[in-house]
Amino acid sequence: EVQLQASGGGLVQAGGYLRLSCAASGFTFDDYAIGWFHQAPGKEREGVSCISSSDGSTYYAGSVKGRFTISSDNAKNTVYLQMNSLKPEDTADYLCAAATYPNCTVVQGTLQNYDYWGQGTLVTVSS
C-alpha cells in the first residue's frame, strides 16, 4: 500500500523558516516523482515543488523560487522541503504526492499528474 506522510508544519513568524518532511512507503522510491502542494483556506490546491530521484529533475512554482529548496534522502525514502523567508501568504496546508511518471520537468505541479496523496501538515506564517 502506497503511503505518504507529511510532517514538520507549525507556526512561524514572517521571515522565518521550516523544514517539511514527506515519508514515503509501499513503493519503489526511485520510480516516482514526489511533489509538494499547498492549499490555503478557500483556495485551490497548488503545486509548490517536485523532485525525481531517478533523473534529478526538480520543479519550483514561481512564488517559491529562491526561497524553498526540495531534496530527497533515498535511504530514508523521505523528501524534504526547506522553506526559508516565509511570508504570510505561504500559510496553507502542505501535502505531498507521488507521480508514477518520474520526471518533474513533465509532471511539474499539475495535480492531475499525481497518483497518490498523503495527509497534510499545516503551516501558519504570522505577520
Side-chain angles (χ1 to χ4, degrees):
E1 180 186 3
V2 173
Q3 290 189 335
L4 298 155
Q5 181 62 55
S7 62
L11 173 64
V12 63
Q13 289 187 331
Y17 62 91
L18 283 172
R19 188 177 82 155
L20 305 184
S21 300
C22 174
S25 62
F27 61 95
T28 304
F29 197 62
D30 289 353
D31 292 343
Y32 289 74
I34 305 297
W36 281 101
F37 294 78
H38 68 195
Q39 187 165 18
K43 295 188 176 180
E44 293 184 352
R45 188 172 295 179
E46 298 178 330
V48 175
S49 187
C50 171
I51 189 167
S52 171
S53 297
S54 66
D55 65 4
S57 58
T58 58
Y59 161 83
Y60 292 95
S63 60
V64 306
K65 277 183 180 178
R67 300 189 299 124
F68 291 10
T69 303
I70 194 168
S71 62
S72 67
D73 184 335
N74 289 9
K76 296 182 178 180
N77 277 13
T78 300
V79 169
Y80 302 99
L81 186 68
Q82 179 68 42
M83 306 188 298
N84 296 332
S85 302
L86 283 163
K87 304 175 181 180
E89 52 263 44
D90 294 319
T91 294
D93 194 34
Y94 282 73
L95 310 94
C96 56
T100 55
Y101 193 81
N103 185 304
C104 292
T105 304
V106 174
V107 300
Q108 297 189 358
T110 304
L111 275 68
Q112 294 85 346
N113 292 336
Y114 289 80
D115 305 284
Y116 303 99
W117 293 83
Q119 299 296 315
T121 185
L122 182 63
V123 172
T124 303
V125 184
S126 63
S127 57

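You'll find the side chain of Val107 reaches within 4.5 Å of the side chain of Cys50, heavy atoms only. Side-chain contact between Leu4 and Cys22: present, with at least one pair of heavy atoms (C-beta onward) separated by less than 4.5 Å. Looking only at side-chain heavy atoms (C-beta outward), Leu18 and Leu86 come within less than 4.5 Å of each other. A 4.5 Å side-chain heavy-atom check between Thr121 and Leu20 finds at least one atom pair inside the cut-off. Side chains of Ser21 and Tyr80 form a contact here, defined as non-hydrogen atoms less than 4.5 Å apart.
With salt bridges taken as basic N to acidic carboxylate O contacts below 4.0 Å, none links Asp93 and Arg45.
Leu111 and Tyr114 fall within the same hydrophobic cluster, defined by Ile, Leu, Val, Met, Phe, Trp and Tyr side-chain heavy atoms under 4.5 Å apart, directly or through other members.
A donor-acceptor contact shorter than 3.5 Å is absent between the side chain of Thr124 and the backbone of Thr91. No donor-acceptor pair under 3.5 Å is formed between the side chain of Ser63 and the backbone N or O of Ala61.
Between the side chains of Asn103 and Ser52, no donor-acceptor pair of N or O atoms lies under 3.5 Å.
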Dump the intermediate steps for side-chain contact (heavy atoms from CB on, under 4.5 Å) on Ile70 and Tyr60, then the final yes or no. CA-CA 9 Å; Ile70 194 168; Tyr60 292 95; 3.3 Å; yes
Check the pair Gln39 / Tyr94 against side-chain contact (heavy atoms from CB on, under 4.5 Å), numbers first and verdict last. CA-CA 7 Å; Gln39 187 165 18; Tyr94 282 73; over 6 Å; no
How far apart are the C-alpha atoms of Asp90 and Arg67, what are their side-chain angles, what is the distance that settles it, and do they pass the side-chain contact (heavy atoms from CB on, under 4.5 Å) test? CA-CA 11 Å; Asp90 294 319; Arg67 300 189 299 124; 2.8 Å; yes
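Aromatic pair Phe37/Trp117: centroids less than 6.0 angstrom apart.
Exactly one residue among Asn74, Thr28, Asp73 makes a side chain to side chain donor-acceptor pair (under 3.5 Å) with Ser53. That residue is Asn74.
In Gln119, the CD atom is not crowded: 12 or fewer heavy atoms of neighbouring residues, nucleotides or ligands sit closer than 6.0 Å.
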